Amino acid sequence: MLVPKIQNAAMDENTKISARLIDAVVNNKINDLTQREITQIKRKFFEVDDWTKNITTLQLFCNSMLLFDFDELVLFVKKLEKTCKGKLMKLPFNTQKIIASICINYFHNCYTNDCSRNCQIFCVNSSFS
């Protein structure tokens, strides 16, 4: 299996965390992540100056949104919105794609958590571009 090989290889911590997370998401084993692993993933957002401007943490957020409770997601998405408002179209295309994926995941979480009202407000009141 690839994930154990990555975990034992001389790779940076972000790669190891991302590999474990992606494996858990793809194989529908998100609940198998330990609290330590979840905390480690969430901590990454506070280890950079501004996670909303860092491509690695944007990707990590996109892949880890299932680990956050809905209130946490709202705070993170609002932070992202504040950072990107009026600037989205000026960002590199790869960054735009990640932000679009984050929005899709957020809307999915709204639906899953029966918080569609929050998403409707978000859609109407916010504009990333």
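Fair warning: this is a prediction, and the values are worked out from it, not measured in the lab.
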Student: Treating Ile, Leu, Val, Met, Phe, Trp and Tyr as nodes and any side-chain heavy-atom pair under 4.5 angstrom as an edge, say whether Phe46 and Val77 lie in one connected cluster.
Tutor: yes
Student: Examine Met65 and Ile104 and state if one hydrophobic cluster contains both, with Ile, Leu, Val, Met, Phe, Trp and Tyr joined whenever side-chain heavy atoms are less than 4.5 Å apart.
Tutor: no
Student: Tell me if the aromatic rings of Trp51 and Phe76 count as close, with their centers under 6.0 Å from one another.
Tutor: yes
Student: Phe45 and Phe68: aromatic ring centres closer than 6.0 Å?
Tutor: yes
Student: Which heavy atom of Lys44 sits nearest a heavy atom of Thr57, and at what distance?
Tutor: O-CG2, 3.9 Å
Student: Hey, any chance Ile22 and Leu60 share a hydrophobic cluster, counting ILVMFWY side chains that come within less than 4.5 Å of each other, even indirectly?
Tutor: no
Student: Looking at CD1 of Ile38 and OG of Ser64, how far apart are the two atoms once the value is rounded to the nearest 0.5 Å?
Tutor: 10.0 Å
Student: For Asp69, I'd like to know if atom CG has over 12 heavy atoms of other residues, nucleotides or ligands within 6.0 Å.
Tutor: yes
Student: Where is the tightest heavy-atom contact between Arg20 and Glu37, given as atom of each residue plus distance?
Tutor: NE-OE2, 2.9 Å
Student: Considering all heavy atoms of both residues, which atom of Thr95 and which atom of Leu91 are nearest to each other, and what is their separation?
Tutor: CG2-CD1, 4.0 Å
Student: Report whether Leu75 and Ile102 are members of the same hydrophobic cluster (ILVMFWY, side-chain heavy atoms less than 4.5 Å apart, transitive linking).
Tutor: no
Student: Report yes if the side chains of Asp49 and Asn54 come closer than 4.5 Å at any heavy-atom pair, otherwise no.
Tutor: no
Student: Can you confirm whether Asp23 sits close enough to Lys29 that some side-chain heavy atom of one is under 4.5 Å from a side-chain heavy atom of the other?
Tutor: no
Student: Restricting to non-hydrogen atoms, name the atom on Thr52 and the atom on Leu58 that form the minimum distance, rounded to 0.1 Å.
Tutor: O-CD1, 3.6 Å
Student: Of all heavy-atom pairs between Ile98 and Gln59, which one has the smallest distance, and what is that distance?
Tutor: CD1-CG, 3.3 Å
Student: So, do Ile41 and Asn63 sit near enough that their side-chain heavy atoms are less than 4.5 Å apart?
Tutor: no
Student: How far apart are the closest heavy atoms of Lys79 and Asp50, and which atoms are they?
Tutor: CE-OD1, 3.7 Å
Student: I'd like to check Tyr106 versus Tyr111 (side-chain heavy atoms, cut-off strictly below 4.5 Å). Are they in contact?
Tutor: no
Student: Is it true that a side-chain atom of Gln40 and a backbone atom of Ile17 form a donor plus acceptor pair closer than 3.5 Å?
Tutor: no
Student: Quick check for you: to the nearest 0.5 Å, what is the distance between Leu73 atom CG and Asn109 atom CG?
Tutor: 5.0 Å
Student: Can you tell me how far apart CD (Gln96) and OG (Ser101) are? Round to the nearest 0.5 Å.
Tutor: 12.0 Å
Student: Output yes when Glu81 and Lys78 qualify as a salt bridge under the 4.0 Å nitrogen-oxygen rule, no when they do not.
Tutor: no
